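The next block holds one structure in the form of structure tokens; read it before the comments.
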Protein chains: 2
Amino acid sequence: MNVPALRSPNAALVLDLLRTADETGISRLELAERTGLTPQAVSKITARLRSEGLATEAGHRASTGGKPRTVLRLVPTAGYAVGVHLDRDELTTLLTDLAGTVVARRTRALDLGAGAGPVLDAVTEEVRGLLSGPTAGAVEPAREPAHERTPTLTPAVPTPAPAPTSVLGVGVAMPGPLDHRAGVPGRVTGFPEWEGHPVREELARRLGLPVVLDKDTNAAALGLAVRPAAPGSFAYVHLGTGLGAGLVLGGAPLRGDRTGAGELGHQTVQLDGPPCGCGGRGCLEVLCLAAVARGDAAGAARILGAGAANVVRLLDIDQVLLGGRLVLAAPEVFAGGVREVLAGLGLPAPVSVAGERDTVAEGAAWLVLTPIFGK
Amino acid sequence: MNVPALRSPNAALVLDLLRTADETGISRLELAERTGLTPQAVSKITARLRSEGLATEAGHRASTGGKPRTVLRLVPTAGYAVGVHLDRDELTTLLTDLAGTVVARRTRALDLGAGAGPVLDAVTEEVRGLLSGPTAGAVEPAREPAHERTPTLTPAVPTPAPAPTSVLGVGVAMPGPLDHRAGVPGRVTGFPEWEGHPVREELARRLGLPVVLDKDTNAAALGLAVRPAAPGSFAYVHLGTGLGAGLVLGGAPLRGDRTGAGELGHQTVQLDGPPCGCGGRGCLEVLCLAAVARGDAAGAARILGAGAANVVRLLDIDQVLLGGRLVLAAPEVFAGGVREVLAGLGLPAPVSVAGERDTVAEGAAWLVLTPIFGK
DNA sequence: TGCACTTTGGCAACAGCGTTGCTTAAGTGG
DNA sequence: CCACTTAAGCAACGCTGTTGCCAAAGTGCA
């Protein structure tokens, strides 16, 4: 740990405060108070950030008897990130700015089981299309309106055409198991064709951009963790085609030794329950999906609640966030059911539905943005 | 984060390498290689540590063609720590040196249910006795042999009377729930008298030493985590009068938001199982202890294995360590049973019995030592 | 025995970081 | 109009680990 090692953490800390500040921005003195640094150091750091184009002055606060505080803001157009969500039957690609705001978005049908080759072809095509779109022409600036060139492109925000600038990288989220360090999937559930394919390397080569790979639930949890008012520790429980969880402890996602953390679906909750393909019995996923299949969402919610309670107790966490297609189909049933189980056990953790349509893809983009903010 | 902030982490890192080095010690160049610092920086840091009495030169390596490397060692007598284990029926107090080696040890019967007053009286008495013993006369040096003054004192190592020196603090481990930040127990299982009693503060005042309080399983896990060859992540599963776990992730114990992490006993593993006092059904502890009670240790081991598998999967960890009285009564039965369940689920995590008589008390001492080594 | 060679580890000068002390700038309110 | 308050920059400083250089201490060959 050498001295320049101080530079990035402190600058990242300041940058993160700029990011999470409310819309009015944040002044140097407020930064100093919240970082514990002296106002002088903050001045130095913000001067560097401004010269790098990452921050800017944006107006003044009302005076309280002296010189009014100058307000600083993050410059969201200083960088962009691509988020890719490889779901079992759908490919979502989106572009976010430095603040994580979605600038452009694409979707298309996908067969994940087709294997790495065709899927990576599709990803390459979608990312290229996204980047050559009108909103951030890093690769190939173009002026045509979105709907003429790329029918599926839907600008989420009517941004006044941000200047072309750098795309920092591509975050890819897909079902596990996989190794996020090596960027290589394992036997992706049901699709052994993926095992060992160097996805990160190949995509990085094709796109000429840094690529980060992670499990879908981890990405979703990361995306939720970076929200300004996010709790420090929580479990994101995702009930879609399968059941998984993303765990955030002390602000950082927990990946475990093999990127496998958050495996909630194969928790044993019924020792003598029905056998599961995993080799166990009474797995949470099997029981929960069976209840859904027979139309008993409330029953599924109670079973899910027992699983969530196990996690809350084991990790002593603050909050449970729910998401995934099945949850979104009946949000109140699931939130209420899980809440009831937790309350019955005297666990104070609040339960809410947080996962939305693009939660995973946005989280994937955050895989790229997160290091900049020291997370 | 200011510049001196670099000093402690780097010095702590070096100190930790000195601690975990093999018996021959470690040279400056080896320290440089393993820390990533330059040899010069290591020279500076080790010079400081030597001047503070924490490190010393201890011989030379064989030359490999030039000046032979000078070997450095930690000076274990540079500081001592007290570890206190408040078990339900027993009080263990021990003194360790800076390397964590037990120097002196005391035990006496205890009724934890008697409440904070009498128990803290006993702790105070034991700690004072320990410190005025012959091995480390910080409070009251004495020359009498151990067996004459303090019958229960058993020097673990025939140390040649280390010079009186500083006792860094007292670590206290007890059953939860409790708040390790405030140093205040909650409703200690079965003994509501403890709730809200300012244990840390009161002991610190009585003994005139810093006091750290933590849950027994967390302390045990910490003690196991600091061993030189310890895995980076593991679960320590303790089956004694109750069932609990200590979780170590990336080298650090996980305490959670309210020091409650590791609550394994009330994991639901049988949705329609027998009701438990906690409000749930089919809790792991209830099922496991019931199996033990009917003499079915192998069955208890299988149930415990299911719980351990849930933890291993959820956190994606390396290893499972077992401890606690019931496990120690039939170590092979439990280790074998848990191992079998994990193997049947395709989980590669090795299982071993690690908890011994003083695991918790030694871990408690490490609560004090750990900050010195940057852990 | 002598000398070239290798390696260790200390000394001195250096660059980078945040801090302290002071000054200037920009408002408010009597 | 002026005293007062607050913000923020400039200069000097102390601390860190780094680089460049050199002395010390061994080995091994002639």
Side-chain angles (χ1 to χ4, degrees), chain A residues 1-18 21 24-52 54-73 372 374, chain B residues 1-18 21 24-52 54-73 372 374:
Chain A
M1 199 195 291
N2 54 17
V3 175
L6 276 181
R7 180 174 178 157
S8 16
N10 282 350
L13 184 57
V14 168
L15 211 53
D16 195 48
L17 288 174
L18 288 172
T24 66
I26 185 168
S27 75
R28 289 178 178 79
L29 251 71
E30 288 157 9
L31 287 169
E33 282 163 22
R34 299 195 44 187
T35 56
L37 297 170
T38 60
Q40 283 304 331
V42 171
S43 270
K44 254 190 192 172
I45 290 168
T46 54
R48 265 199 308 261
L49 294 176
R50 282 192 297 152
S51 80
E52 290 165 7
L54 292 169
T56 186
E57 299 193 338
H60 299 270
R61 293 234 192 285
S63 168
T64 57
K67 179 175 174 179
R69 302 184 175 190
T70 310
V71 158
L72 299 169
R73 269 197 323 106
I372 300 173
Chain B
M1 198 196 293
N2 52 19
V3 174
L6 277 181
R7 179 172 179 161
S8 15
N10 282 350
L13 184 57
V14 168
L15 212 52
D16 195 48
L17 288 175
L18 288 173
T24 66
I26 186 168
S27 76
R28 289 177 178 79
L29 251 70
E30 288 157 11
L31 287 170
E33 282 163 22
R34 300 195 42 186
T35 57
L37 296 170
T38 60
Q40 282 305 329
V42 172
S43 270
K44 255 189 192 173
I45 290 168
T46 53
R48 266 200 306 263
L49 294 176
R50 282 193 297 152
S51 79
E52 290 164 7
L54 292 169
T56 187
E57 299 193 338
H60 300 269
R61 292 234 193 286
S63 169
T64 57
K67 180 175 175 180
R69 302 186 174 190
T70 310
V71 158
L72 299 170
R73 271 198 322 106
I372 299 172

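Bear in mind that the values here come from a model prediction, so they are computed numbers and not experimental data. No hydrogens, no waters, no symmetry mates; every other heavy atom, side chains included, goes into these values. Proteins get letters first, then strands, A, B, ... in listed order; numbering begins at 1 in each.
As rounded to whole Å, 8 Å separates atom C1' of D/dT16 from atom CZ of B/Arg48. When the P atom of C/dG9 is taken as reference, atom CG of B/Leu72 falls 8 Å away, rounded to whole Å. When the P atom of C/dT24 is taken as reference, atom NZ of A/Lys67 falls 14 Å away, rounded to whole Å. Here D/dG9 presents its C1' atom at 10 Å from CZ of A/Arg28, a figure rounded to the nearest Å.
Residues A/Asn10 and A/Thr35 are not in side-chain contact: their nearest non-hydrogen atoms beyond the backbone lie 4.5 Å or more apart. For the pair A/Glu57/A/Leu72, a side-chain contact is recorded, criterion being any heavy-atom separation below 4.5 Å from C-beta on.
Using a 4.0 Å cut-off, some side-chain N or O of B/Ser43 falls inside it from OP1 or OP2 of C/dG10. Applying the 4.0 Å criterion to OP1 and OP2 of C/dT7, one finds that B/Ser63 has every side-chain N and O outside that range.
When distances are taken from the side chain of A/Pro68 to each of C/dG18, D/dG17, C/dG27, the shortest belongs to C/dG27. You'll find that the side chain of B/Ala41 is closest to D/dT18, out of D/dT18, C/dT8, D/dA7.
Atoms CD1 and OG1, from B/Ile26 and B/Thr70 in turn, are 13.0 Å apart once rounded to the nearest 0.5 Å.
Using a 4.0 Å heavy-atom distance criterion, B/Ser27 is classed as making no nucleic acid contact.
Scanning atom types as modelled, one donor and one acceptor separated by under 3.5 angstrom connect the side chain of A/Gln40 and the base of D/dG9.
Every pair tested for salt bridge (charged side-chain N to carboxylate O under 4.0 Å, His left out) that includes a residue from residues 31-43 of chain B fails, sequence neighbours excluded, so the list is empty.
Within residues 54-62 of chain B, no residue has any heavy atom under 4.0 Å from DNA chain C.
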